[in-house]
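Working notes, beginning with the structure itself.
Hydrogens, waters and symmetry mates are skipped; everything else that's a heavy atom, side chains included, is used. Index from 1, following the sequence.
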Amino acid sequence: RKWVALLALGAPVYLVAVLWMVAQQPETLRIGYQPDQPVPYSHALHAGELGMDCRYCHNTVERSAKAAVPPSATCMNCHSQVHPTRDSLLPIRESFAGGDPVRWIKVHDLPDYVYFNHSAHVTRGVGCVSCHGRVDQMPVVFQKEMLSMGWCLDCHRAPEKHLRPPEEVTNMNFKAPGDPVAYGAELRKQNNINPPTDCSTCHR
C-alpha cells in the first residue's frame, strides 16, 4: 500500500515536472523555430545551388546516433580559397586558428529524455527531407516538423511514404516511381523494415 500511495502521489508531480521542462524549452516542439546562428550559413546555397551532399558536413550520420556538426576545418577546406576574407566568415577563421569551436545553435533539439539514432534511419532509407524538410531551399534552417512523440509513432506505424533506397537518402529531389506509398511498401518488405513502437525504443 505504501508504494501504491507513493506512486499515486508521485506520478502527478512527475508529469507536471516533465510538462514544465518542455514549456521552458518550446523550441523542442515548435514548428518554424529558426534561431540566429553565429555565422550566416545558407543551406540553400551549399546544399541547393552548389549541390553539396549532406554527408560532407554531417559525416557521422550513417554510423552514429548523432549527425555531427562540422568543425571549422571542414568549412576551411573551401573557404581558405573561397571568400577567404569575408567579414561574415570571421568566426570560422578565428575558430580554425584558435581551436575553439563555433557555437552553433541547435535547431532540431529533442528533449533529453528522447533517444534518436540517425544511422538507424538513414541506413534503412528514411530520407533527410522526411524530418528536416527541404533544407536545400532554406537560406536559414528552421524546424519543419513537430518532432513530437505522436509524429514519430505515426511514421513507425506506417513508414512506407518515407522510404527510399538508402543511397537516395540525401537526394532532396528524389521521387518514387509510381505510387510512393506502394513503392515504400515494397521497400519495406524487401528490407524487412519493422520499426518498433515500444516505449524503450526512444525512452532509455
Side-chain angles (χ1 to χ4, degrees), residues 27-35 37 41-70 74 78 104 106-111 114-204:
E27 63 270 19
T28 60
L29 295 175
R30 188 169 63 206
I31 292 175
Y33 176 60
Q34 188 179 55
Q37 299 290 354
Y41 180 89
S42 171
H43 280 76
L45 171 62
H46 292 81
E49 186 177 335
L50 299 177
M52 290 174 60
D53 191 289
C54 307
R55 292 164 293 194
Y56 180 74
C57 295
H58 304 292
N59 57 13
T60 63
V61 72
E62 293 176 303
R63 62 181 187 276
S64 172
K66 305 291 185 183
V69 175
T74 300
C78 294
W104 300 102
K106 200 169 186 178
V107 178
H108 302 84
D109 190 12
L110 293 176
V114 176
Y115 174 78
F116 178 83
N117 188 316
H118 276 86
S119 66
H121 291 77
V122 299
T123 57
R124 302 296 273 169
V126 178
C128 304
V129 70
S130 289
C131 299
H132 297 289
R134 291 296 302 264
V135 293
D136 61 321
Q137 298 174 358
M138 296 180 188
V140 180
V141 168
F142 61 90
Q143 184 171 312
K144 177 71 166 55
E145 302 292 347
M146 176 66 77
L147 306 183
S148 65
M149 184 172 75
W151 181 80
C152 294
L153 282 171
D154 286 344
C155 184
H156 272 227
R157 289 171 179 145
E160 291 81 3
K161 65 181 179 180
H162 297 287
L163 295 178
R164 58 181 68 189
E167 61 271 16
E168 298 286 351
V169 292
T170 64
N171 180 1
M172 297 286 169
N173 294 305
F174 176 79
K175 300 292 183 187
D179 178 21
V181 176
Y183 180 72
E186 185 59 32
L187 287 174
R188 181 179 184 179
K189 182 179 178 182
Q190 287 176 7
N191 298 317
N192 191 30
I193 296 173
N194 295 296
T197 56
D198 56 280
C199 301
S200 62
T201 300
C202 300
H203 304 293
R204 301 183 178 186

Looking at CD1 of I193 and NE2 of H121, how far apart are the two atoms once the value is rounded to the nearest 0.5 Å? 10.5 Å

Heavy atoms of V169 and V122 approach each other most closely as CG1-O, 3.2 Å

Identify the two heavy atoms, one from R124 and one from N192, that lie closest to each other, and give their separation to 0.1 Å. NH2-O, 3.1 Å

Could you check whether any side-chain N or O of E160 sits under 3.5 Å from a backbone N or O of R188, counting only pairs where one atom can act as donor and the other as acceptor? no

From D109 atom CG to Q143 atom CD, the distance as rounded to the nearest 0.5 Å: 9.0 Å

Can you tell me how far apart NZ (K161) and CG (D179) are? Round to the nearest 0.5 Å. 12.0 Å

At what distance, to the nearest 0.5 angstrom, does CG of D154 lie from NE2 of H162? 8.5 Å

Using side-chain heavy atoms (C-beta onward) and a distance below 4.5 Å, is V107 in contact with P35? yes

Do you know the tightest heavy-atom contact between N117 and S119? OD1-OG, 2.5 Å

Between H118 (side chain) and K66 (backbone), is there a donor-acceptor pair under 3.5 Å? no

Step-by-step side-chain contact (heavy atoms from CB on, under 4.5 Å) determination, C202 to M149: CA-CA 9 Å; C202 300; M149 184 172 75; over 6 Å; no

Indicate yes or no: at least one non-hydrogen side-chain atom of L187 is less than 4.5 angstrom from one of P165. yes

Walk me through it: do R164 and V129 pass the test side-chain contact (heavy atoms from CB on, under 4.5 Å)? CA-CA 11 Å; R164 58 181 68 189; V129 70; 3.3 Å; yes

Is the closest side-chain heavy-atom distance between P166 and E62 below 4.5 Å? no

What are the two closest heavy atoms between H132 and M138, and how far apart are they? O-CE, 3.5 Å

Say whether N173 and R134, considering side chains only, have a donor N or O and an acceptor N or O under 3.5 Å apart. yes

I want to check something: taking the side chain as every heavy atom from C-beta on, are T74 and Y56 in contact at a cut-off of under 4.5 Å? yes

Could you grab the distance from atom CE of M146 to atom CH2 of W151, nearest 0.5 Å is fine? 10.5 Å

Smallest heavy-atom separation, F142 atom then H108 atom, equals O-NE2, 3.8 Å

Please report the closest heavy-atom contact between K144 and G133, naming both atoms and the distance. CG-CA, 4.0 Å

Spacing of M172 atom CE and C54 atom SG [to the nearest 0.5 Å]: 4.0 Å

Side chains of D136 and H43: closer than 4.5 Å at any heavy-atom pair? no

